[in-house]
There are 2 protein chains.
Amino acid sequence: MDDIDRALLAALQRDATQSYAALAATVGLSTGAAHERVRKLREQGVIRRTTVDVDPAAVGRGVLAFVMVEANAWMGDSPTHEALSALPEVEEAHVVAGPASVLVKIRVGTPEQLQASLRRLFGVEGVTGTRTIVVLETFFERPLDPRPPTAAP
Amino acid sequence: MDDIDRALLAALQRDATQSYAALAATVGLSTGAAHERVRKLREQGVIRRTTVDVDPAAVGRGVLAFVMVEANAWMGDSPTHEALSALPEVEEAHVVAGPASVLVKIRVGTPEQLQASLRRLFGVEGVTGTRTIVVLETFFERPLDPRPPTAAP
DNA sequence: GCTGAAAGGGGCGGGTT
DNA sequence: AACCCGCCCCTTTCAGC
C-alpha cells in the first residue's frame with residue numbers, strides 16, 4: 001500500500017470502467033504492472049467490490065432520512081443485524097455510542113413510506129423509540145478519500 | 001425504467017466487472033440489447049458512475065462518526081457546501097430538518113484525528129456547535145435497492 | 001427494441017530482465 | 001516487481017427482423 005496504490009484507488013473510484021492502459025498511464029506504470037497491483041488490491045480486500053452508483057431519485061427513493069433507534073436492550077448483536085438487513089429501505093446500519101443504540105440510513109419514495117418504515121423499525125425486537133432526521137438537501141456523497149488521513153490546518 | 005432495467009442495476013451493483021454477456025444471461029437478453037440498455041441508463045444519469053468500494057480501515061480510516069452541526073445562520077448554501085467539501089475526511093454532508101443544520105459523515109484514522117476534524121468543523125463559517133455520534137460497529141453499508149419502494153409488512 | 005454475427009481492441013497470461 | 005508479447009475473449013457495432 002504505497003502512493004501508487006492510492007493513486008490507483010482514486011482513479012478507479014472516479015471511473016472504474018477505464019482500461020488498464022489508461023489507468024497505467026495516469027500512475028506512470030506499464031499496463032501489466034497496473035493490472036497486477038489492482039488484482040492484489042482486490043485479493044487483499046482493499047477493493048471490496050466494483051459497483052455502480054445509482055441515482056436514488058431515479059428509482060423512486062428520493063426521500064432520505066437518518067433514524068436514531070433507541071432500545072431497551074443491547075442491540076449490537078446478530079439478530080438485530082439480520083432484522084435490519086431484512087428491510088430493503090435501510091441502506092446503512094451502525095451500532096453507535098451515545099443516546100441511541102443504532103443509527104440507520106433510510107431511503108424511501110414518500111413521507112408516507114417513511115412513516116411505514118418507522119413502523120417497521122418499531123417491529124424490530126427491543127426497539128423502544130426512534131428519533132428521525134429528515135434530509136432536505138444532500139450537499140454531496142462521495143467515495144472515501146484513499147489518501148492517508150492527516151490533520152492539516 | 002422497467003423490471004429488466006432494475007435487474008440490470010442490481011446485477012451491476014453486485015459486480016460491475018462482469019461481462020455484458022453474463023449480464024445479458026442473468027436478465028434473459030442478448031448481449032447487444034443488454035449493452036444498449038446499460039448505455040441508456042448511464043446516459044440518463046440513472047447510473048451516475050462506475051466505481052470501486054474501498055475498505056476504509058485498509059486506507060487508515062477505520063474510525064467513523066456522524067456529526068450534527070449546529071449553526072447560528074442558514075447553512076443550506078453554496079459557501080457551506082464548499083467549505084465542507086474542502087475537508088477530505090467528510091464523506092457526506094446533508095442539510096437536515098431538526099435541531100441540527102447539517103449532518104456530516106466523517107472517516108478518520110484515530111480519535112485524535114476526530115478531535116482535529118471537529119476543530120476544523122468549528123472553523124466553518126456560522127458553526128456554533130457539534131454533536132458527535134461515534135460508530136462502534138457497522139452492521140452493513142450496501143448499495144441502494146433499485147426495486148420500487150413498497151411498504152410490505 | 002431485440003437478435004445474431006462480424007471485426008476491432010483490450011484483458012490476461014506467459015517468459016525475461 | 002515491472003516490462004514485453006502473445007492469444008483469446010469481450011466489447012461494440014451493424015444489418016435484419
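We name chains A, B, ... by the order of the sequence lines, and we start the count at 1 in each one. None of the values given here were measured: they were computed from a predicted structure. All values below were derived from every heavy atom in this structure, side-chain atoms included, with hydrogens, water molecules and symmetry-related copies excluded.
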Residues forming a side-chain hydrogen bond (donor to acceptor under 3.5 Å, both in side chains) with B/N72, sequence neighbours excluded: none
With sequence neighbours excluded, residues passing ring-ring contact (aromatic ring centres under 6.0 Å, His included) with B/F66: A/F66, A/H94
Counterpart residues, side chain to side chain contact (heavy atoms under 4.5 Å, CB included), relative to A/A97 (two or more places apart): B/L136
Sorted by number, the residues of residues 10-38 of chain A with heavy-atom contact under 4.0 Å to DNA chain D: A/L29, A/S30, A/A33, A/R37
Between D/dC8 and C/dT16 - C1' atom distance, rounded Å: 22 Å
Sequence neighbours excluded, every pair satisfying side chain to side chain donor-acceptor pair (under 3.5 Å) that has a member inside residues 16-32 of chain B: B/D15-B/T17
Euclidean distance, atom CZ of residue A/R39 to atom C1' of C/dG11 [Å, nearest integer]: 14 Å
Under the side chain to side chain contact (heavy atoms under 4.5 Å, CB included) test, residues paired with A/A73 that sit two or more places apart: none
In one Ile/Leu/Val/Met/Phe/Trp/Tyr side-chain cluster, 4.5 Å: B/V108, B/L121: yes
Any residue meeting ring-ring contact (aromatic ring centres under 6.0 Å, His included) with B/F139, in chain and number order, not counting sequence neighbours: A/H81
Pairing string, 5' to 3', for DNA chain C - Watson-Crick or wobble contacts under 3.5 Å, brackets [ ] where pairs cross, | to another strand: |||||||||||.|||||
Sequence-distant partners of B/I4, side chain to side chain contact (heavy atoms under 4.5 Å, CB included), two or more places apart: B/D2, B/L8, B/V27, B/L29, B/R37
Side chain to side chain contact (heavy atoms under 4.5 Å, CB included) involving B/A83 - partner list, sequence neighbours excluded: B/V124
Pairs flagged by side chain to side chain donor-acceptor pair (under 3.5 Å) wherever residues 50-66 of chain A is involved - sequence neighbours left out: A/R42-A/T50, A/D55-B/R48
Contact list for DNA chain C against residues 40-54 of chain B - heavy-atom distance below 4.0 Å: B/K40
